[in-house]
Protein chains: 2
Amino acid sequence: MNQDKAVMALAALAQDTRLSVFRLLIKAGPDGMIAGALADAMAVPPSTMSHHLAKLEQAGLVLSWRTSRLIHYAADYAGVQALLTFLMADCCQGDPRACADLLSAIVCDRVGVGACS
Amino acid sequence: MNQDKAVMALAALAQDTRLSVFRLLIKAGPDGMIAGALADAMAVPPSTMSHHLAKLEQAGLVLSWRTSRLIHYAADYAGVQALLTFLMADCCQGDPRACADLLSAIVCDRVGVGACS
DNA sequence: ATGATATTTTCATGTTTATGGAAATATGCG
DNA sequence: CGCATATTTCCATAAACATGAAAATATCAT
């Protein structure tokens, strides 16, 4: 991850339809969803959805694969991890005055990670 | 945090100068930096920096306070936390197939949080 | 092959965004 | 008060972005 790629990823998420698609795919898990189903879910024409998905994929936030005529899209968890790590890099210069609380709070919103007090 | 505010926050970060300022403030810690010093650091005119800082502040990512003629800006850690939590909400529907690894990896890049294997 | 389905690419249009000079506002100093 | 410093607000302009119809591509079924 570098600055330019981070800007691309953030720009990809900084749009209502694309953020909704991304969050839907985060929820959906590794099996992802079909392009057409995403267009239906967001109530946009297929060409519009295709533009959005291309932008998310170019940004490294989703990945896609084809099975016969259907194209699957899923969240790219490694890409998300790289982005979030980049955003918080060198937080407070290693002094976890604010950062430790911040990050453990995010983790503690999920189940089964085990960093919580 | 809601969808609209998340889009605002992501849009605020999706620009080269603003992302650099944000990361600089994340590094700087709670004491923050002076507006003029940020303009100097980024080599942009004060009016341009003022636009950028206003957008970051409106997005809930930085906060500001005045001491005499100087205006301080600092990262708003609570705002960042709200954004990151929103992005990862309901990841994999609670089944931490991918999410637990993702989030603990972010935490383990820092020191002293203690969720790491 | 032909036709049907799923998706992308091309292209045009209107909207939003980034930039920075100039003027305005706020504060401190003598 | 009058001047200097720090920052913001106003304004105009150029560049980037979102949208979706139409045409193109890919795959499958008969």
To the nearest Å, how far apart are [X] [atom1] and [N] [atom2]?
X       : N      : atom1 : atom2 : value
A:Leu38 : C:dT8  : CG    : C1'   : 15 Å
A:Gln58 : D:dA18 : CD    : P     : 12 Å
A:Tyr73 : C:dT8  : OH    : P     : 4 Å
A:His51 : C:dG14 : NE2   : C1'   : 15 Å
A:Asp16 : C:dT16 : CG    : P     : 14 Å
A:Ile71 : D:dC28 : CD1   : P     : 12 Å
B:Leu10 : C:dT17 : CG    : P     : 14 Å
A:Met49 : D:dA18 : CE    : P     : 13 Å

Under the side chain to side chain contact (heavy atoms under 4.5 Å, CB included) criterion, do B:Leu38 and B:Leu25 qualify, and how do the steps go? CA-CA 9 Å; B:Leu38 290 166; B:Leu25 291 177; 4.3 Å; yes
Options [options], nucleotide nearest the side-chain atoms of [X]:
X       : options               : answer
B:Arg69 : D:dT5, D:dT8, D:dA21  : D:dT5
B:Arg66 : C:dT7, C:dA26, D:dT8  : C:dA26
B:Thr48 : C:dT7, D:dG20, C:dT19 : C:dT19

Open item on the list: Using the rule given for side chain to side chain contact (heavy atoms under 4.5 Å, CB included), can you reason through B:Val80 versus A:Met88, listing the C-alpha separation, both sets of side-chain angles and the distance that settles it, and then say yes or no?
Closed with: CA-CA 9 Å; B:Val80 178; A:Met88 302 313 292; 3.9 Å; yes
Select base, sugar-phosphate, or nothing to describe what [X] touches, counting heavy atoms under 4.0 Å on all strands.
X       : result
A:Ser68 : sugar-phosphate
B:Pro45 : sugar-phosphate
A:Ile34 : sugar-phosphate

* 5'-most contact on DNA chain D: B:Ser50 or A:Thr67, nearest heavy atom basis? ->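 Here B:Ser50 is the residue nearer the 5' end.
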So, does B:Arg18 use its side chain to make a donor-acceptor pair with the main chain of B:Ala12 at under 3.5 Å? yes
- Message: With a 4.0 Å limit, can you tell me whether A:Ser47 has a side-chain N or O closer than that to the phosphate oxygens OP1/OP2 of D:dA21?
- Response: no
> A:Gln15 side chain N/O closer than 4.0 Å to the phosphate oxygens (OP1, OP2) of D:dT19?
Replying inline: yes
Spell out yes or no: do the side chain of B:His52 and the base of C:dT17 have one donor N/O and one acceptor N/O closer than 3.5 Å?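 Result: no qualifying N/O pair found.
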Are more than 12 heavy atoms, taken from residues, nucleotides or ligands other than B:Gln3, located less than 6.0 Å from that residue's CD atom? yes
Path from A:Leu19 to A:Met8 over hydrophobic side-chain contacts below 4.5 Å: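 No, because A:Leu19 and A:Met8 fall into different hydrophobic clusters, even though each may have its own neighbours under 4.5 Å.
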